[in-house]
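Only one structure is covered here, and it is reproduced in the block below.
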Amino acid sequence: MKMSKMYIPTLKETPADAEVVSHQLMLRAGLMRKLTSGIYTYLPLGYNVIRKFEQIVREEMNRAGAQELLMPALQPADLWKESKRFDDYGPELMKLKDRHNRDFCLGPTHEEVVTDLVRDEIRSYKDLPLNLYQIQTKYRDEVRPRFGVLRGREFIMKDAYSFDLDQAGLDRSYQAMYDAYCKIYDRCGLKYRTILADSGPIGGDDSHEFMVLAEVGEDTVVYCDSCDYAANLELAESVLKLREIDGSDEELSAVATPDAKTIAQVAEYLDVEINQVVKSVLYETQHGELVLALIRGDYEVNEVKLANLLGVVNLEMAGDSVYEELNTVKGFTGPVNIGEVKIVADHSVSKIVDGVIGANEIDQHLIHFNFARDLDLEDTFDIREVKAGEECVHCGGELKFAEGIEVGQVFKLGTKYSEAFEATYLDEAGKSQLMKMGCYGIGITRTIAAAIEQNHDEYGIKWPLALAPYQVHLLPLGKSEDVIKKAEELYQELTSTGIEVLLDDRNERAGVKFNDADLIGCPIRVTIGGRSLAAGELEVKYRQSGKEFTISTGNEATKIKDLLAELA
RNA sequence: CGGAGCGUGGCGCAGUUUGGUAGCGCACCUGCUUUGGGAGCAGGGGGUCGAAGGUUCAAAUCCUUUCGCUCCGACCA
């Protein structure tokens, strides 16, 4: 493509409202422009990159036996009510009404639509397994869109859905998708890690996330430095060190703790270790159920673990009215005499024999708390948030934290949706069976941003070859006829052999061309200058490594083709 | 949804405290010169100062309301 004819509005200055590098560079390199918060127009160059990535995704999905289709983005609410997700999905679901006041939503994902399709069309075990996918614009009414395309309200996603006869089939489909995802990210030259994940409101059993490690990751990845254990912080586990305390056998008794509302203040006031104080956190589920979570003072409650344990989707810290209702006081809440509240205790409090708890009265705590004696609870659970430096449950190694951008996720859904939608088939015995489902997503636009986060320098983007909008950037310098003629010839020759070339035929000074080339970041830059051309040479620079060298004129196209093959 | 900040030509910003006829850099147009890392000189075009209402002889500036955007948090893939 000739730059003089292509719309590539590069920016010299960094846009003020872009915070992260990928966002800044996507604007600066002329890949996209913002329409409104979290919603972007993809310009020719950016759309080029998107198509590149989509093509890789398509190839690997097809190779793995999936079939592409296209489902509607606009969906009737009835379908979502059938799966209970019209409410469960919460405010993230972009809802709207038509002129007849009927409820609709814009799809953030397509389990409902695809299951509805398949239940009507698939009747026999002979039709399974089936894996359908699409690449489509998705919608999520984000609370806070940010980081450019990393967290948008409208974004492009590849989503696939598998339907199998039984668990063994689902396991095979899942593995096939997992393997395909690895190939996709490998081909893009991305450094990633797969981690165990929480399945969130989508539901299901097994799930892995594909995380691109970067500086601005939104998710915290917990990984072991000596084995391959890695998990989302929301699910991560670690070895719990219980502290054996020789406690007295004294009865619970109230003590005054004026103004001591935090664990640290209580511990200091009473002169006890923080891990003798029991933290009591009051939550309210989406169904209005009240839950008091107990955890040792030196730990934090992991709300995702707690929500999963309770089997709820939404969990919020209780509001002031709840404290009034229960006749207790924020900062002095405790599990004894708390009233109509479900109590969930973390393993970390199970051995406490001389602990401190809130007394449910202002400026009062209870001491000599003995967990086993004073509470009638059958069990304790893991609702504890892992901290960096703790021990790995698999090998005893040290757990570390890293930031990651989630670019893909695979789920085993099981029968959650086939049950809700009665998606069944007749087996060989003529008996009706529920299909086993899986779903698999890749954030297309998000992956592009992640690739930039991982491949850039102070001058611009350094595209991995597979994602580059053009493989070769040709820079003729000056107005000499020889230079222009050579550039035109080389451009034609390379293009005709299928190489993607961007020719900077603009009437610009050398500095402008060099800077734009660095910014746009094509893997190979070929400079054609008056002097070097007269000397029978073309100059080559690799954007990724910075390596510079010259090639002699004559058969340049072949030579450049060889260089590309080397880079691949 | 809480907290903070910002809306002034296409972009980046100053001007707002102390009201007095809207400015700078980049970009754009014309001409001349220049031509290997974001050129120089000269000339030129372009702005309902986010919107609405109010105070005033006079409002970008003061007051009220409202909309939008960004960041932090909560939340989330």
Side-chain angles (χ1 to χ4, degrees), chain A residues 9-20 23-24 27-28 30 33-39 89-93 108-109 138-153 155-159 195 197-202 207-212 216-220 232-234 286 303-304 307 313-317 319 404-411 439-447 449-450 459-460 475-480 483 504 506-519 525 527-534 537-539 541 548:
Chain A
T10 57
L11 301 175
K12 208 184 286 190
E13 290 172 283
T14 302
D17 56 5
E19 194 69 13
V20 301
H23 187 194
Q24 292 172 350
L27 294 170
R28 286 231 292 141
R33 285 293 183 264
K34 182 175 73 181
L35 175 63
T36 186
S37 179
I39 300 179
Y89 210 91
E92 307 281 294
L93 190 61
T109 171
K138 299 283 196 260
Y139 299 87
R140 227 166 264 211
D141 196 353
E142 274 299 329
V143 202
R144 173 142 102 92
R146 67 182 131 173
F147 300 153
V149 105
L150 282 176
R151 175 164 299 268
R153 295 194 289 177
F155 53 97
I156 302 174
M157 199 164 119
K158 186 283 307 178
D159 49 322
I195 64 172
D198 174 55
S199 51
I202 292 175
S207 178
H208 283 87
E209 287 178 351
F210 287 73
M211 307 289 297
V212 166
V216 293
E218 288 191 274
D219 294 279
T220 303
N232 191 304
L233 177 59
E234 296 173 346
Q286 85 242 43
E303 294 180 11
V304 174
V313 177
N314 270 314
L315 200 61
E316 279 184 10
M317 292 254 217
I405 299 167
E406 184 197 330
V407 291
Q409 187 165 11
V410 290
F411 299 92
C439 77
Y440 318 93
I442 286 182
I444 301 286
T445 37
R446 179 184 266 194
T447 302
Y459 304 107
L475 301 201
L477 301 182
K479 287 180 177 165
S480 134
V483 167
D504 195 345
R506 297 174 302 170
N507 182 21
E508 289 288 355
R509 304 165 64 86
V512 173
K513 293 188 178 185
F514 284 135
N515 280 302
D516 274 349
D518 287 344
L519 186 57
R525 186 183 83 189
T527 307
I528 306 172
R531 268 172 308 202
S532 53
L533 184 61
E537 288 177 337
L538 301 183
E539 299 157 50
K541 181 173 183 183
E548 286 183 87

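So you know, we letter chains A, B, ... as the sequences are listed, proteins then strands, and number each from 1.
- Using Watson-Crick or G-U wobble geometry with both donor-acceptor distances under 3.5 Å, U61(B) finds no partner in any strand shown.
- Across all strands shown, U56(B) remains unpaired; no Watson-Crick or G-U wobble contact has both distances below 3.5 Å.
- Residue-to-nucleotide proximity on RNA chain B shows that, of Val149(A) and Leu477(A), the 5′-proximal contact is made by Leu477(A).
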Every protein N/O lying under 3.5 Å from an N/O of nucleotides 67-73 of chain B:
from   : atom 1 : to        : atom 2 : distance (Å)
C69(B) : OP1    : Thr36(A)  : OG1    : 2.4
C69(B) : OP1    : Ser37(A)  : N      : 3.1
C69(B) : O3'    : Lys34(A)  : NZ     : 2.9
U70(B) : OP2    : Ser37(A)  : OG     : 2.8
C72(B) : OP2    : Arg144(A) : NH1    : 3.2
C72(B) : OP2    : Arg144(A) : NH2    : 2.8

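- Contact detail for Val483(A) and Ile528(A): the closest heavy-atom pair is CG1-O, 3.4 Å.
- Under the Watson-Crick and G-U wobble criteria, each requiring two contacts below 3.5 Å, nucleotide U48(B) is left unpaired.
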Worksheet, complete the sentence: Protein-proximity profile, nucleotides 22-33 of chain B, B/S/- by nucleotide at the 4.0 Å heavy-atom cutoff, equals ---BSS------
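- Separation of the C1' atoms belonging to C49(B) and C24(B) is 15 Å when rounded to the nearest angstrom.
- For Glu142(A), the side-chain contact (heavy atoms from CB on, under 4.5 Å) partners two or more places apart in sequence, or in a different chain, are Glu92(A), Arg140(A), Pro145(A), Arg151(A), Arg153(A).
- Put simply, the side chain of Thr220(A) does not reach to within 4.5 Å of the side chain of Glu234(A), judged on heavy atoms.
- If you measure from atom CZ of Arg140(A) to atom P of C76(B), you get 12 Å, rounded to the nearest angstrom.
- One can find a donor-acceptor pair under 3.5 Å joining the base of G37(B) and the side-chain atoms of Arg525(A).
- For the side-chain contact (heavy atoms from CB on, under 4.5 Å) test, residues two or more places apart in sequence or in another chain that qualify with Met211(A) are Ile195(A), Glu209(A), Asp219(A), Val221(A), Glu406(A).
- Among the atoms of the strands shown, none is found under 4.0 Å from any heavy atom of Gly408(A).
- One P atom belongs to U66(B), the other to G23(B), and the distance between them is 34 Å to the nearest Å.
- For the pair Arg151(A) CZ and C75(B) C1', the computed distance is 8 Å after rounding to whole Å.
- In this structure, Arg531(A) atom CZ and G37(B) atom C1' are separated by 13 Å, rounded to whole Å.
- Counting non-hydrogen atoms under 4.0 angstrom, Gly529(A) reaches a base of the nucleic acid.
- Nucleotides U21(B) and G25(B) are separated by 24 Å at their C1' atoms, to the nearest Å.
- The CG-C1' distance, from Asp141(A) to C76(B), rounds to 12 Å in whole Å.
- Under the Watson-Crick and G-U wobble criteria, each requiring two contacts below 3.5 Å, nucleotide U30(B) is paired to A42(B).
- Residues Pro15(A) and Arg28(A) share a closest heavy-atom pair of CD-CG, 3.9 Å.
- A pairwise comparison of heavy atoms in Phe411(A) and Tyr440(A) identifies O-CE2, 3.9 Å as the closest pair.
- Here the side chain of Lys513(A) pairs a donor or acceptor atom with the backbone of Asp504(A) at under 3.5 angstrom.
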Worksheet item: Going through the checks in order, is the side chain to side chain contact (heavy atoms under 4.5 Å, CB included) test met by Ile442(A) and Thr447(A)?
Response: CA-CA 8 Å; Ile442(A) 286 182; Thr447(A) 302; 4.1 Å; yes
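- As rounded to whole Å, 9 Å separates atom P of C11(B) from atom CZ of Arg33(A).
- In this structure the side chain of Pro91(A) never reaches within 4.5 angstrom of the side chain of Val143(A), judged on heavy atoms.
- When the P atom of C75(B) is taken as reference, atom OH of Tyr89(A) falls 17 Å away, rounded to whole Å.
- Checking Glu303(A) against Glu548(A), the closest nucleotide of RNA chain B that is more toward the 5' end is the one next to Glu548(A).
- Within the 4.0 Å cut-off from OP1 or OP2 of U35(B), not a single side-chain nitrogen or oxygen of Arg509(A) is found.
- Not counting sequence neighbours, the partners of Phe514(A) by the side-chain contact (heavy atoms from CB on, under 4.5 Å) test are Leu475(A), Leu477(A), Ala510(A), Arg525(A), Thr527(A).
- Shown here, C13(B) forms a base pair with G23(B); the pair counts as Watson-Crick or G-U wobble because both key distances fall under 3.5 Å.
- The closest side-chain heavy-atom distance from Lys138(A) to Phe155(A) is below 4.5 Å.
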Worksheet item: Going 5' to 3' along nucleotides 43-52 of chain B, which nucleotides have protein heavy atoms under 4.0 Å from the base (write B), which only from the sugar-phosphate (write S), and which from neither (write -)?
Response: ----------
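- G38(B) and A27(B) have their P atoms separated by 12 Å, with the value rounded to a whole Å.
- Comparing the P positions of C69(B) and C32(B) gives a spacing of 46 Å, expressed to the nearest Å.
- Look at the C1' atom in both U17(B) and C26(B): the space between them is 29 Å, to the nearest Å.
- Closest contact between the side chain of Glu142(A) and the listed nucleotides G36(B), U34(B), C76(B) involves C76(B).
- Thr445(A) places a side-chain N or O within 3.5 Å of a backbone atom of Ile156(A) that can act as its donor or acceptor partner.
- Across all strands shown, Gly530(A) has heavy atoms under 4.0 Å from base atoms, whether or not it also approaches the sugar-phosphate.
- Distance noted for atom P between U16(B) and G2(B): 32 Å (whole Å).
- Figure legend. U70(B) is base-paired to A4(B); pairs are counted as Watson-Crick or G-U wobble with both atom distances under 3.5 Å.
- For the residue pair Glu537(A) and Ser532(A), no side-chain donor N or O sits within less than 3.5 Å of a side-chain acceptor on the partner.
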Practice prompt. Evaluate the side-chain hydrogen bond (donor to acceptor under 3.5 Å, both in side chains) criterion for residues Thr14(A) and Gln24(A): first the C-alpha distance (whole Å), next the side-chain angles of each, then the deciding distance (0.1 Å), finally the verdict.
Written response: CA-CA 6 Å; Thr14(A) 302; Gln24(A) 292 172 350; 5.0 Å; no
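- One C1' atom belongs to C13(B), the other to A39(B), and the distance between them is 23 Å to the nearest Å.
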